[in-house]
Amino acid sequence: MAWWRLLVSKTPTATPPPLLPNPNPNPNRLQLSLLLLQTSPFSTSFLITKTPKKFKKKRKKDESPRTKLVQTQPNLIPHFEHIVERDAHFRFLTKSRDFLSKQPHRVLRLDDAGKLHRELGFPRGRKIARSLQRHPLLFQTYRHVDNKMWIGFTEFMEDLLEQERVIVDSMESDRVNKVRKLLMMSANKRIPLSKIYHCRSLFGIPEDFRDRVSKYPNYFRTVIEEGGKRMLELVNWDPLLAVSTLEREFIVDEEKVKRAFRFPVKHGKDLGLEKEDERKLNLLNSLPLVSPYSDGSRLDLWTLEAEKYRVGVLHEFLSLTLEKRASIHHVVEFKEEFSLTKHTYQMLFKQPRTFYLAGTEMNWVVFLKDAYDQNGVLIEKDPQVVFNEKLYKYAEMKEMEQGCVDQWK
């Protein structure tokens, strides 16, 4: 063991660092702590010098326009918000019904359907089978003779679509008048056929309306512009149709129409006006109304008359829709035809007596408030709306109930 003692004796031993001279004979507590840290031979790495994440205050992320609601809690109307949520819930049903109806024999191969998430309305990255299983009474899958899986409508759904076709045919004259009124409101009395087709479900216009246009040469004609764009043009102006909903209501209930919109007159606080006097003063701006069937493109863009025209156009536009409402995408579609500006959202928001904006700031929906009762039910329902509500009811069922079977038969 002599060699071990020799090796240990030659190993250098750790010597503490020399003490630093203290220039201050009366150090304070902080200086003593720093002095001890400098002179201590022990490690201080085990000390917690940062606040753990679980104790840190989480910074609330700013809401984006995609998720931020338009209305705050005091002004929020639940039944309008519920309608927007219902549309999102039945998005797959609505888009898949339209897409499959245009396919040969109304069927589609399952492998191809899985790649059409945008056209069929199911979430990207999800399997379409999950969406199909939500509506077993309306959609079915089957194996074809080619040993491939296909999707299509059930027999029950086929019967429902036949009922819808009967409704569409019976309402054709009403839909023709809606298109005529849209053309009469447009700047040049013409609208691209593609825009009407894109918004056809909003007005109850049938899928094959482009083929039906030729049946009414006294009302419409198709014009092809230089770029190849097909336009639907008005042939004859009908003064009986050029009467807005507001103008008809003014004859029945003048006070109601006076309260519909508010265009305040700027005045100083020194006037000390009471509410009734202020209301009468504001009527100087609100009346007379500007007809949506006048040529709004000739008005100066930022004048009061132009804003009254744009508000009236959107009111009449919503009155022509089936459910008296439209999304931002539908409104923007007719921006050029109705001489709208990029401030349409703010303009509608300033008229809460007539319009209600639901949804989020990026994807809002505007409602005509007077068209609904206190429970959020349409006062006047188009036959197509009644059919859609019945379809939604069947879409939520997993199996046919006895009462529904009797009603179906």
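Here the side chain of K229 pairs no donor or acceptor atom with the backbone of E226 at under 3.5 angstrom. Panel note: side chain R124, backbone H117; no donor-acceptor pair is recorded below 3.5 Å. With S214 contributing its side chain and D211 its backbone, the two residues share a donor-acceptor pair below 3.5 Å. Formation of a donor-acceptor pair under 3.5 Å by the Y356 side chain with backbone atoms of I77 is found in this model. Checking side-chain atoms of D238 against main-chain N and O of L240 turns up a donor-acceptor pair under 3.5 Å. E247 contributes a side-chain N or O that, together with a main-chain N or O of S244, makes up a donor-acceptor pair within less than 3.5 Å. Side-chain atoms of Q140 come within 3.5 Å of backbone atoms of F153 as a donor-acceptor pair (strictly under, hydrogens ignored). Remark: side-chain polar atoms of D300 are not paired, donor with acceptor, to backbone N or O of T303 under 3.5 angstrom. Between the S294 side chain and the G296 main chain, no donor and acceptor come within less than 3.5 Å of each other. Side-chain atoms of R175 come within 3.5 Å of backbone N or O of G204 as a donor-acceptor pair.
The pair K324-E380 does not count as a salt bridge, with every side-chain nitrogen at least 4.0 angstrom from each carboxylate oxygen. Under a 4.0 Å N-O distance rule, the pair D98/K95 does not qualify as a salt bridge. Under 4.0 Å is where a charged nitrogen must lie from a carboxylate oxygen, and between R66 and E361 no such pair does.
Counting only N and O atoms by type, the side chains of Q71 and E81 include no donor and acceptor under 3.5 Å apart. In this model, a donor atom of one side chain and an acceptor atom of the other lie less than 3.5 Å apart for Y216 and E172. Under the 3.5 Å distance criterion, with hydrogens and angles disregarded, a donor-acceptor pair is assigned to the side chains of N388 and Q384.
Within 6.0 Å of CZ in R126 there are 12 or fewer heavy atoms belonging to other residues, nucleotides or ligands. The number of heavy-atom neighbours closer than 6.0 Å to CZ of R248, taken from other residues, nucleotides and ligands shown, is above 12.
You'll find the ring centres of F99 and F92 outside the 6.0 Å limit. Aromatic rings of W302 and H343 (six-membered ring for Trp) have centroids within the 6.0 Å cut-off, being under it. In this structure, F367 has its ring center at least 6.0 angstrom away from the ring center of F355.
The cationic group of R86 does not satisfy the cation-pi geometry with Y392, failing either the under 6.0 Å distance to the six-membered ring centre or the 45° limit from the ring axis.
Checked against Y394 for a ring pair (Phe, Tyr, Trp, His ring centres under 6.0 Å), the options F139, F90, F156, F387 give a single hit: F156.
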